[in-house]
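First comes the structure, then the notes that go with it.
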Amino acid sequence: YKISSGKFGAMNITFVADEKIFIQVLPTSGISVRKATRPLRAMPDSKKILITLKHEKNFGDVKNITLREFLLGG
């Protein structure tokens, strides 16, 4: 994949892979899952992933995986 960071309007997206997979990382600094997934939920149909340290609930079509799962190819 060609990886870059991006914006959707005024909202930041952590990683964009070939503009087909959108990945957002939830920092541990008290940001809610709802706020972290907001830019992803606003994106048109595509694969969307939220990476967190522990499992959180999924929001719509945003898939949640842990950092461990992401690094191990999950």
- [ ] Output all residues satisfying side-chain contact (heavy atoms from CB on, under 4.5 Å) with R41, sequence neighbours left out; order by chain, then residue number.
- [x] R34, T37, R38, F59, V62

- [ ] Nearest 0.5 Å please: distance from the CG atom of L72 over to the CD1 atom of I65.
- [x] 10.0 Å

Open item on the list: For the CG atom of L53 and the CD1 atom of I51, what is their distance to the nearest 0.5 Å?
Closed with: 10.5 Å

- [ ] State, yes or no, whether a side-chain contact exists between I23 and T14 at a heavy-atom distance under 4.5 Å.
- [x] no

TODO: Decide yes or no for M43 and M11: does some side-chain heavy atom of the first lie under 4.5 Å from some side-chain heavy atom of the second?
DONE: no

How close do [X] and [Y] get, counting heavy atoms only, and between which atoms?
{"X": "T52", "Y": "K54", "answer": "OG1-O, 2.5 Å"}
{"X": "L26", "Y": "S32", "answer": "CD1-O, 3.9 Å"}
{"X": "L50", "Y": "A36", "answer": "CD1-CB, 4.1 Å"}
{"X": "I13", "Y": "Q24", "answer": "CA-OE1, 3.4 Å"}

